[in-house]
Student: 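Below: one structure in C-alpha cells.
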There are 2 protein chains.
Amino acid sequence: MEFMPVERVRRRIPDATVVRLPIYLRILVEQADEKVEWISSEGLAELAGVNAAKVRKDLSYLGSYGTRGVGYEVAFLVYQIRRELGLTHDWPVVIVGAGNLGQALAGYGGFGERGFPVAGVVDIEPAKVGSVIGGVRVRHIEDLAQIVHSRRVHIGVVATPPGAAQDAADRLVSAGVTSILNFAPVVLVVPRGISVRKVDLAVELQILSYYEQRRAGVGLHAVTSNDAGRGASA
Amino acid sequence: MEFMPVERVRRRIPDATVVRLPIYLRILVEQADEKVEWISSEGLAELAGVNAAKVRKDLSYLGSYGTRGVGYEVAFLVYQIRRELGLTHDWPVVIVGAGNLGQALAGYGGFGERGFPVAGVVDIEPAKVGSVIGGVRVRHIEDLAQIVHSRRVHIGVVATPPGAAQDAADRLVSAGVTSILNFAPVVLVVPRGISVRKVDLAVELQILSYYEQRRAGVGLHAVTSNDAGRGASA
DNA sequence: ATGCACTCGTGCATACATTCACAAAGCGGG
DNA sequence: CCCGCTTTGTGAATGTATGCACGAGTGCAT
C-alpha cells in the first residue's frame, strides 16, 4: 500500500519484453518493406519464433493498438515501438578500442543505418590514432570527453582487450556516457544508474557447448534461447 | 509421481544458471592465475556482480563442492564447471561468411585459446575464397560438409549478411552441425533439437536506447542486464 | 574438548515470465 | 441489422528464477 504518484511514472515494460521489442520491430519493418499493411499476433509470433499470446501481451504494454478480428497495422506498430524504445532520433555512439573488433564494428555500416551512427572511435595507442576506419578517423582516448560532449553521445561501446576494459568504462562514465555496450570478457563495475549490456562470444560458445555436451548424454532437450525464445520447428 | 529412471538422467541445470557458469569460470581461472586457491561465494559473487546466495545455488547444481566455513577450492571448481559445460575437450567451430565480421571473428585469437579453434571459414563468394585470415584459408561453402565431417565440427557460426543467414543455417544443419551462433539480424528457423543462440548488436543498442530514453522521463531505475545480473555499485 | 566465527547448502517466500483460455470487440455478408 | 468468424486484450494458472534466512558443518584458538 502506497501513495499513487501524482503523474503516472509511465507504465514500466518488463525487461523480458524490452528484449523482444527490437526483434518485433525489425520484423515489422521488413514486412512494411514488403508492403504488408496488417499483421496478426499469430503472424508476428511465427516470424519472431515465439508464442502468439506472448506477442499480444508484449504489445499490450505499449497500449491497445490492435484491432480485434483484424490484427495490428504494421506502420502504426512500427511507430509505437520506435517511440517506446526511444528510436525517434539517432543515438550517436563512441567506440573505445580500435583493434580487430573495434575496426569491424566501425566498419560495419549497419550501426548508422539503424540509428546509431559512430560519432567517434578512440584508442589509447598513439600508433592507431589517425587511421581511418568506416569513414571515421581514430582519435586518441584523451579526446573522448570532447567527442562525447560535442556530439552528445549517451552510449559507449567497449571494444578493448580485457585488461583495458574497466579503464575504458571509467573514462566513458566520467565523460558523461550513461549506457555501455561491453564486448570485453570482463564484468564492468559502474556507478548506479549506468546501464551496461555485455556481449561475450566465448560465453555464448560455452553455453552452446553445455547443450551440445548434454545431447551426448540423453536425447531429451529442446532448444537453447538467449533471452527471447529463439526458434525450433522445421 | 513417476518412476525414477534407472540411471539418473543427470540433474538438469536451470538455463539461467547455465548462462552464469561461464562467467564464474572465467573469473575462477583469473583467480587461479593469481594464485588464489580458495574463494567464498561472497567473493565470487562480488567479482561476478551477483548475489552470493545465487552463486551458492548455482554451484549447488554441480554438486556439493564447497567446504563450510572455508569456501570453494578454486582449481576444483574450475574443473567441475569445465566438466559440466563440456569444456574438457576442444570444440572446433566453422564460420560461415568471410565478410567484415567473419574476418574479425577468425582473426580474433580468443576463440582458439578458449577451446573453440576455428576449423574453417567458408564463403559463397568465389572472390573471397583463397585468402587467408587468422591463419585459416577461406574455402568455398560447397566444402562445408567436408570440413564439418573431417574436423568433427558441432558448432557453426553464422556471420553472413541477413539475406544469406537462413541458407547458411540450412547448410550447417544438413552438414551435421547441431549448435549455431548467429550474428545475423534474422530469426533462424532450424529443426527441433538444434541449439541456436544469437548475438545482435542492433538489438543490444536498442535495448540500451530504451533505458536511456526512460532515464529522461523519471530518475528511477537501476541497471540493465542481459541474462546474468550485470553490475552496479561504485 | 569446547566454543566461536565463518561459510555452505537449501527450504521457503516472493517476484517475474510464460501460457492458456475466454469474453469482448470488430468486420463482412446476406 | 444481425450472425458468425476472426483476433485482440487480459485474468488466472502455471512455471522459472531470485533472494532471504537459517540449520548444519568446518576450522581455529584457547
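First the proteins, then the strands, lettered A, B, ... as listed; each starts at 1.
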Student: Starting at atom CG of B:Leu59, determine the distance to atom P of D:dG19, rounded to an integer number of angstrom.
Tutor: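 About 15 Å, once rounded to whole Å.
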Student: Parallel, tilted or perpendicular for B:His89 and B:Trp91, by the 30°/60° rule?
Tutor: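 Tilted.
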Student: In Å, rounded to the nearest 0.5 Å, how long is the span from CD of B:Glu42 to CZ of B:Arg56?
Tutor: 8.0 Å
Student: Respond yes when some side-chain nitrogen or oxygen of A:Ser40 is under 4.0 Å from OP1 or OP2 of D:dT7, and no when none is.
Tutor: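 For A:Ser40, the contact criterion (side-chain N or O under 4.0 Å from OP1 or OP2 of D:dT7) is not met.
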Student: Could you check how far CZ of A:Arg20 sits from C1' of C:dT19, rounded to whole Å?
Tutor: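 These atoms are roughly 12 Å apart.
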Student: If you look only at distance, which donor and acceptor atoms sit under 3.5 Å apart when one is on a side chain in residues 152-171 of chain B and the other is two or more places apart or in another chain?
Tutor:
unit_1, atom_1, unit_2, atom_2, d
B:His154, ND1, B:Arg152, O, 3.4
B:Thr160, OG1, B:Ala165, N, 3.3
B:Gln166, OE1, B:Val189, N, 2.9
B:Gln166, NE2, B:Asp170, OD1, 2.8
B:Gln166, NE2, B:Val189, O, 2.9
B:Asp167, OD2, B:Arg171, NE, 2.9

Student: Apply side chain to side chain contact (heavy atoms under 4.5 Å, CB included) to A:Leu47 and list each qualifying residue two or more places apart in sequence or on a separate chain.
Tutor: A:Ile27, A:Gln31, A:Ile39
Student: Is any side-chain N or O of A:Tyr61 closer than 4.0 Å to OP1 or OP2 of C:dA17?
Tutor: no
Student: Mind jotting down which residue pairs meet the salt bridge (Lys or Arg N to Asp or Glu O under 4.0 Å) criterion with at least one end in residues 57-67 of chain A? Sequence neighbours excluded, please.
Tutor: A:Arg20-A:Asp58
Student: So which pairs with a foot in residues 26-36 of chain B pass salt bridge (Lys or Arg N to Asp or Glu O under 4.0 Å), sequence neighbours left out?
Tutor: A:Asp200-B:Arg26
Student: Take atom NZ of A:Lys54 and atom P of D:dT14, then tell me their distance rounded to the nearest Å.
Tutor: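 Between P of D:dT14 and NZ of A:Lys54: 19 Å.
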Student: If the sugar-phosphate is the primed atoms plus P, OP1 and OP2 and the base is the rest, what is the B/S/- string for nucleotides 20-30 of chain C, using protein heavy atoms under 4.0 Å?
Tutor: BB--BBSS---
Student: Could you state the OH-P distance from B:Tyr24 to C:dC8, rounded to the nearest angstrom?
Tutor: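 So the two atoms are 12 Å apart, to the nearest Å.
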Student: If a pair satisfies side-chain hydrogen bond (donor to acceptor under 3.5 Å, both in side chains) and one of its residues is in residues 60-73 of chain B, list it, with sequence neighbours excluded.
Tutor: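 side-chain hydrogen bond (donor to acceptor under 3.5 Å, both in side chains) check on residues 60-73 of chain B returns B:Tyr65-B:Gln80.
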Student: Take atom CG of A:Leu44 and atom P of D:dG9, then tell me their distance rounded to the nearest Å.
Tutor: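 Atom-to-atom, A:Leu44 to D:dG9, this comes out as 12 Å.
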Student: So, is A:Ser41 near the phosphate of D:dT8, with a side-chain N or O under 4.0 Å from OP1 or OP2?
Tutor: yes
Student: Closer to the 5' end of DNA chain C via nearest nucleotide, is it A:Asp58 or B:Tyr65?
Tutor: B:Tyr65
Student: Without decimals, in angstroms, what is the distance between A:Ile39 CD1 and D:dT8 C1'?
Tutor: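 From A:Ile39 CD1 to D:dT8 C1': 14 Å.
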Student: How close or far is atom P of D:dT8 from atom CZ of A:Phe76, stated in whole angstroms?
Tutor: 15 Å
Student: Roughly how many Å is it from CG in A:Leu62 to P in D:dG9, rounded to a whole number?
Tutor: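 Value for this atom pair: 10 Å.
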